[in-house]
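Naming: A, B, ... by sequence-line order, numbering from 1 per chain. It should be emphasised that the depicted structure is a prediction, and the values quoted were computed from it without experimental measurement.
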Amino acid sequence: MADDKSLTPRSEDFASWYNEVVLKAELADYSPVRGSMVIRPWGYGIWENMQQALDRMFKETGHENAYFPLLIPMSFIQKEKDHIEGFAPELAVVTEAGGKVLEEPLVIRPTSETIIYHMYAKWVQSYRDLPILMNQWANVMRWELRTRLFLRTAEFLWQEGHTAHATADEAEAETLGILQIYRTFMEDWICMPPITGLKTESEKFAGAVRSYACEALMQDNKALQAGTSHFLGQNFSKQFDLKFQSEEGREEYAYNTSWGVSTRLIGGMVMTHGDDDGLIVPPRLAPTQVVIVPITRGDDTRSAVLEKVDEVAGRLRAAGVRVKVDGRDHLSPGAKFYEWERKGVPYRLEIGPKDLEKGSVALARRVRPEGAKRKEFVPEEEAIETLPARLEAFQDELRETARARREENTVRGVGSIGELAEAFEAGAGFVYTGWNGDPAVEEQVKEATKATSRVIPSEEFRSPRVPERCVSGDGPAAMEVVWARAY
RNA sequence: CGGGGCGUGGCGCAGCUCGGUAGCGCACCUGCUUUGGGAGCAGGGGGUCGCCGGUUCGAAUCCGGCCGCCCCGACCA
């Protein structure tokens, strides 16, 4: 990095920039255990705000929270064939406890389908017991070979929803309903508008019939799988004997769904909005939306300034704004400005002796239009009254900027693998092409471009004119698919 | 798991080639002066130089082994 105070510019080395932002904005820090990290209060506060918003959306759609245990019998994981194949390489296993070797090893959950459907089987007898709509907030562990702060850590926090339904249609509707919730959340809270769609066979969840995903585009034009929703069919219910008696008296297996988003979303937020000065947190997620920096002098105005600061903070809090007063006396105002900008606080308010005289405050926004002044002096009353709306406007602007960037970096109408490679060499983000549905083509594309299929896009994201030929040149296109280099 | 880099006060680094008093910047503590974009001065505290072994009168430095971390690739929320 340039020096101790500034960050490596994104244009120079995006990966270094990302790490520095996460560490210097105090979102997280490396822990003594390889691949795992400590989420610090600023990062955890953002996660809490994400949790709160999502939790409300889940509950509004009839879901309830529960908690299932961390340890899962090894035999459970092994029941579903694809599931074990997918997760075996990254399992952490407890083989010894209380000084004794366990009779059956216990897996630290990489995901909880198996233990949850085992329990559902116990609770469900009749179609009247369905649907079950549960969610849990939990940690999971996947022993990844290569880890990155927030994006891929050995242990991470997430929510996992698990539902059981009497019919496939109902389960499918649940899967898609959740996908929409994720999408809305990513747009309205994280200001990270994703594209949505169906995963191809080679990219779907281990054990799913169909996987849907939200894919977001980062500033380096790499895609981030930000949330997934799976239709599991009867794959797990058959292995875990999750049966019910139907209205007609027949014994039937239930249909399941599972869906999750994780602390990876914080990484997505960083890479969607951050700039060379540091993090930018969308107002709705910011633990502190407005930081007030008192400008004091060592004279008799000092106590008057501090009094005014408290008064303004109180009034803003009453208006529902999350405010922090930075009263630290050993730092100069400038040092505080840089620190809060690095942490991405949306607005800063300065109150000093000059403001007392004029009844004004200085207002500074974390990002501002090209050429705008660094701070705006506005009457105190006006600042207090307009800040809630200013925060919302900032939120909207971040979202629309991200959406515009996604569109600008999306390429359609590519007709061959050669052109696809050229597009990525030229820095494309999402590239749409026709596809004949053959996994061999995905292999060819990966070989030639390092890109993978992200989704078969949902209707609204499809090109106005759907491609007629497969990008491989081998036959007509059965569908359109979106390619990207991915995290 | 392959390739690259790095391990020296809390952080960032120099010192290692050519063995001999552990050093710099930031941070930290005390005091005074300061405070509208990273404050100044004065004083002060803190490191068995990643670990183990070897060579040597003497090792941060040379030799051997091990461990850890980060970055880049194959796999993944």
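Remark: A:Lys446 is in phosphate contact with B:C75, judged by side-chain N or O atoms under 4.0 Å from OP1 or OP2.
When Watson-Crick and G-U wobble pairs are counted only if both distances are under 3.5 Å, B:U30 pairs with B:A42. In this entry B:U55 has no Watson-Crick or G-U wobble partner, no candidate having both defining distances under 3.5 Å. Across all strands shown, the partner of B:G25 is B:C11, judged by Watson-Crick or G-U wobble contacts whose two distances both fall under 3.5 Å. Using Watson-Crick or G-U wobble geometry with both donor-acceptor distances under 3.5 Å, B:C66 finds its partner in B:G50. Within the shown strands, nothing qualifies as a pairing partner of B:G37 under the Watson-Crick or G-U definition with both distances less than 3.5 Å. When both distances must be under 3.5 Å, the Watson-Crick or G-U wobble mate of B:C1 is B:G73.
Within the 4.5 Å cutoff, the side chain of A:Cys214 has heavy atoms near those of the A:Leu179 side chain. Within the 4.5 Å cutoff, no side-chain heavy atoms of A:Glu380 are placed close to those of A:Asp355.
Remark: C1' of B:U35 and CD of A:Glu339 are 16 Å apart, rounded to the nearest angstrom. Put simply, CD on A:Glu144 is 9 Å from P on B:C76, counting in whole angstrom units. One interatomic measurement links the two molecules: NZ of A:Lys336 to P of B:G37, which rounds to 13 Å at whole-angstrom precision. As rounded to whole Å, 14 Å separates atom C1' of B:G38 from atom CG of A:Asp326. Between the P atom of B:A77 and the CE atom of A:Met141 lies a distance of 16 Å, rounded to the nearest Å. Atom CE of A:Met186 and atom P of B:A77 are 14 Å apart (whole Å). Atom CZ in A:Arg40 sits about 12 Å away from atom C1' in B:C11, given to the nearest Å. Separating the CD atom of A:Gln136 from the C1' atom of B:A77 is a distance of 15 Å, rounded to the nearest angstrom.
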Hey, what are the protein-to-nucleotides 66-71 of chain B N/O distances that come in under 3.5 Å?
unit_1 : atom_1 : unit_2  : atom_2 : d
B:C69  : OP1    : A:Arg34 : N      : 3.3
B:C71  : OP1    : A:Asn19 : ND2    : 2.8

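One side chain, A:Ser112 or A:Gln136, offers a donor N or O that lies under 3.5 Å from an acceptor on the other. In this structure, a donor-acceptor pair under 3.5 Å is absent between the side chains of A:Arg109 and A:Thr111. Counting only N and O atoms by type, the side chains of A:Thr228 and A:Ser211 include no donor and acceptor under 3.5 Å apart. Counted by atom type alone, A:Glu172 and A:Tyr212 present one or more donor-acceptor pairs between their side chains at under 3.5 Å. Side-chain N/O atoms of A:Ser229 and A:Thr175 include no donor and acceptor closer than 3.5 Å. Inspection of the A:Glu155 and A:Ser36 side chains reveals no N or O donor paired with an N or O acceptor under 3.5 Å.
For A:Trp47 and A:Phe150, the ring centers sit 6.0 Å or farther from each other. Ring centers of A:Tyr120 and A:Tyr117: under 6.0 Å apart, within the cut-off. In this structure, A:Phe68 has its ring center at least 6.0 angstrom away from the ring center of A:His162.
Although no hydrogens or angles enter the test, the distance criterion places no donor-acceptor pair under 3.5 Å between the side chain of A:Asn65 and the main chain of A:Tyr67.
Taking atom C1' in both B:G2 and B:C18, the straight-line distance is 36 Å, to the nearest Å. Comparing the C1' positions of B:C71 and B:U33 gives a spacing of 46 Å, expressed to the nearest Å. The separation of B:G19 from B:U61, taken at their P atoms, amounts to 12 Å, rounded to a whole angstrom. For the P atoms, the distance from B:A22 to B:G64 is 27 Å, rounded to whole Å. Separating the P atom of B:A60 from that of B:C67 is a span of 23 Å, rounded to the nearest Å. A gap of 43 Å separates the C1' atoms of B:C16 and B:C32, to the nearest Å. If you take atom P in B:C41 and the same atom in B:G25, they sit 12 Å apart, rounded to whole Å. Using atom C1' as the reference point in both B:G20 and B:C13, the two lie 24 Å apart (nearest Å).
RNA chain B is contacted by A:Ser262, A:Arg264 of residues 257-271 of chain A, taking any non-hydrogen atom closer than 4.0 Å. Contacts of residues 211-233 of chain A with RNA chain B (heavy atom under 4.0 Å): A:Gln225.
A:Arg342 is linked by a salt bridge (charged side-chain N to carboxylate O under 4.0 Å, His left out) to nothing, counting only residues two or more places apart in sequence or in another chain. Scanning for salt bridge (charged side-chain N to carboxylate O under 4.0 Å, His left out) contacts around A:Glu341 gives A:Arg348, with sequence neighbours left out.
Relative to the side chain of A:His330, the nucleotides B:C28, B:G38, B:C75 differ in distance, and B:C28 lies closest. Minimum atom distance to the side chain of A:Phe156 is reached by B:A77, of the listed B:A77, B:C1, B:G38. If you check B:A77, B:C1, B:U35 against the side chain of A:Ile295, the one that comes closest is B:U35.
Between A:Glu203 and A:Tyr338, the residue anchored nearer the 5' end of RNA chain B, judged by the nucleotide with its closest heavy atom, is A:Tyr338. Taking for each of A:Lys450 and A:Lys375 the nucleotide of RNA chain B with the nearest heavy atom, the 5'-most of the two is the partner of A:Lys375.
One donor-acceptor pair, N or O on each side, does fall under 3.5 Å between the base of B:G37 and the side chain of A:Arg348.
Listed by first then second residue, pairs satisfying salt bridge (Lys or Arg N to Asp or Glu O under 4.0 Å) with a partner in residues 280-289 of chain A read A:Arg284-A:Glu392, not counting sequence neighbours.
Residue contacts for A:Arg328: at a heavy-atom cut-off of 4.0 Å it reaches no nucleic acid atom on any strand shown. When heavy atoms are screened at a 4.0 angstrom cut-off, A:Thr301 is found touching no nucleic acid atom at all. As judged by a 4.0 angstrom heavy-atom cut-off over every strand, A:Pro353 is placed among the base-contacting residues.
Here A:Phe337 does not pack flat against the base of B:G37, since the 5.5 angstrom centre distance and 30 degree tilt limits are not both met.
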